[in-house]
Each structure stands twice: as structure tokens, then as C-alpha cells.
Amino acid sequence: MLKSRILILTVVALSAWGLGTAMTTTTAQAAKWHAGTPKVLRGTYAMHKKDANGQKPNLKFTTTKLTLQLNPPTAADHLSKVSYRKINAHTYYLKGHYLSSGILYVKASYSPLAQQKRLKIQEGFLDGQHIKWSPKHAMGWFYQN
């Protein structure tokens, strides 16, 4: 009887400890900014349509920067010292240094289920403590090469 009582108390104590541990563990820190660009976005993307200037822009994600390239080639815009924060399964916020104007924010939403991975880009800036985003579909869809 004493052995069964000790066994029951041990099982209850271990169950309570296990339940407490399971409830206090944390998942990936979505609110944390990570250095570099997300691996899932790295590569080159092209827009199928011409923009208002008659050019087809390209986006290139490397490990530390985001580059907007235009066809025909002109001066490329760079977002350097990039860091990112995962918002949900297919959306990332990126921030980086843009020329001398300071920090620029980019919202990248991608669709992995399409035949080609496609990416929607929105630009934003910090207004107080909140990010103000450009109008929806401001830059259009880019498709991975």
C-alpha cells in the first residue's frame, strides 16, 4: 500500500511538472528582428509587366541586402544591413538602410503554391511607433526566375 501511494504521488508530481513545463515553453520568437534576409526569399524575382516608365524591375535578395534593378539597367537601389521579422507563414517585414534617408521598411508576402513563387512588395516608413505602408499592391507581383 505504501509503495502504491508513493508511485501515485510520483506520477502526479511528474505529470504536474511536465504540464507546467509544456505550458511555459516558447515557440519561435516572431517579434524578434533577425539579421539578414529570410532564406525562403533569397534569389532573383522579375516583374512580368512594365512599370509606368516602361521598364521591367527585378528584385534580388542576398544574405544581407535587397536590390531593386531595372531593365534597361540604371542606378540600382539598395537596402543594406537588412533584418527581418516573420509575421505569419508567408509574410515578412524587412528593414534596412536606404541610401542616406535612413531606415526603410518592406513588407514581403509570397505565395509558394503558385507554379512560380511570386512575391508582393509594399514599402513603409516608421511614423512614431507604427509602420505606415504604401497602398496595397504598390509595386505589383514579382515572379522568381
Side-chain angles (χ1 to χ4, degrees), residues 6-145:
I6 291 173
L7 181 64
I8 291 172
L9 286 174
T10 304
V11 168
V12 168
L14 287 174
S15 298
W17 176 78
L19 182 63
T21 303
M23 294 178 90
T24 60
T25 57
T26 57
T27 58
Q29 296 179 0
K32 184 178 176 187
W33 288 93
H34 304 280
T37 59
K39 289 181 182 178
V40 71
L41 295 181
R42 292 181 191 159
T44 305
Y45 297 82
M47 186 178 272
H48 287 205
K49 297 179 184 178
K50 292 183 179 181
D51 66 3
N53 298 330
Q55 300 176 341
K56 287 187 174 183
N58 289 333
L59 284 175
K60 184 176 182 182
F61 286 87
T62 62
T63 55
T64 58
K65 66 181 167 180
L66 168 61
T67 305
L68 175 65
Q69 301 167 329
L70 299 174
N71 290 330
T74 59
D77 289 330
H78 297 285
L79 196 61
S80 61
K81 298 180 185 175
V82 175
S83 57
Y84 73 93
R85 184 172 74 185
K86 186 173 184 174
I87 301 305
N88 63 35
H90 304 296
T91 304
Y92 292 90
Y93 286 173
L94 293 97
K95 70 177 179 178
H97 295 277
Y98 181 71
L99 302 172
S100 60
S101 62
I103 295 178
L104 179 70
Y105 290 83
V106 174
K107 182 198 258 182
S109 302
Y110 73 96
S111 176
L113 299 178
Q115 289 178 347
Q116 264 186 314
K117 188 190 295 182
R118 62 184 190 167
L119 183 68
K120 179 177 67 176
I121 298 290
Q122 287 179 272
E123 294 178 346
F125 62 92
L126 197 60
D127 184 24
Q129 295 181 345
H130 302 285
I131 301 172
K132 296 283 185 175
W133 296 107
S134 61
K136 196 172 186 176
H137 303 292
M139 293 186 74
W141 289 98
F142 289 85
Y143 296 87
Q144 192 164 33
N145 293 341

Give the intermediate values and the outcome of side chain to side chain contact (heavy atoms under 4.5 Å, CB included) for residues Leu94 and Phe61.
CA-CA 11 Å; Leu94 293 97; Phe61 286 87; 4.1 Å; yes
Between [atom1] of [X] and [atom2] of [Y], what distance do you get to the nearest 0.5 Å?
X      : Y      : atom1 : atom2 : answer
Arg85  : Lys32  : CZ    : NZ    : 13.0 Å
Lys120 : Ser111 : NZ    : OG    : 10.5 Å
Tyr93  : Ile87  : OH    : CD1   : 5.0 Å

Can you name the closest pair of heavy atoms from [X] and [Y] and give their distance?
X      : Y     : result
Ala108 : Leu41 : CB-CD1, 3.9 Å
Gly36  : Tyr84 : O-CD2, 3.2 Å
Leu68  : Pro57 : CD1-CB, 3.9 Å

Contact between [X] and [Y] at the side-chain level, heavy atoms closer than 4.5 Å - yes or no?
X      : Y      : value
Lys95  : Trp33  : yes
Leu59  : Leu119 : yes
Leu104 : Leu79  : yes
Phe125 : Trp133 : no
Met47  : Lys56  : no
Ile121 : Trp141 : no
Val82  : Thr64  : no

Could you give me the CA-CA distance, side-chain angles and deciding distance for His48 and Tyr143, then say whether side chain to side chain contact (heavy atoms under 4.5 Å, CB included) is met?
CA-CA 7 Å; His48 287 205; Tyr143 296 87; 3.3 Å; yes
Lys117 side chain to Val40 backbone, donor-acceptor under 3.5 Å
yes
Test your reading of the model: is there a side-chain donor-acceptor pair from Arg42 to the backbone of Thr37, 3.5 Å cut-off?
yes
Check side-chain contact (heavy atoms from CB on, under 4.5 Å) between Lys65 and all other residues, then give those that pass, not counting sequence neighbours.
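With sequence neighbours excluded, Lys65 shows a side-chain contact (heavy atoms from CB on, under 4.5 Å) to Thr62, Thr67, His78, given in chain and number order.
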Which residues pass the ring-ring contact (aromatic ring centres under 6.0 Å, His included) test with His90, not counting sequence neighbours?
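Partners of His90 by the ring-ring contact (aromatic ring centres under 6.0 Å, His included) criterion, ordered by chain and then number, come out as Tyr110.
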Just do the side chain to side chain contact (heavy atoms under 4.5 Å, CB included) check on Thr63 and Lys39 with the steps written out, would you?
CA-CA 8 Å; Thr63 55; Lys39 289 181 182 178; over 6 Å; no
With sequence neighbours left out, the residues meeting side-chain hydrogen bond (donor to acceptor under 3.5 Å, both in side chains) with Asn88 are Thr91
Begin from the C-alpha positions of Tyr92 and Val106 and carry the test side chain to side chain contact (heavy atoms under 4.5 Å, CB included) through to its verdict.
CA-CA 8 Å; Tyr92 292 90; Val106 174; over 6 Å; no
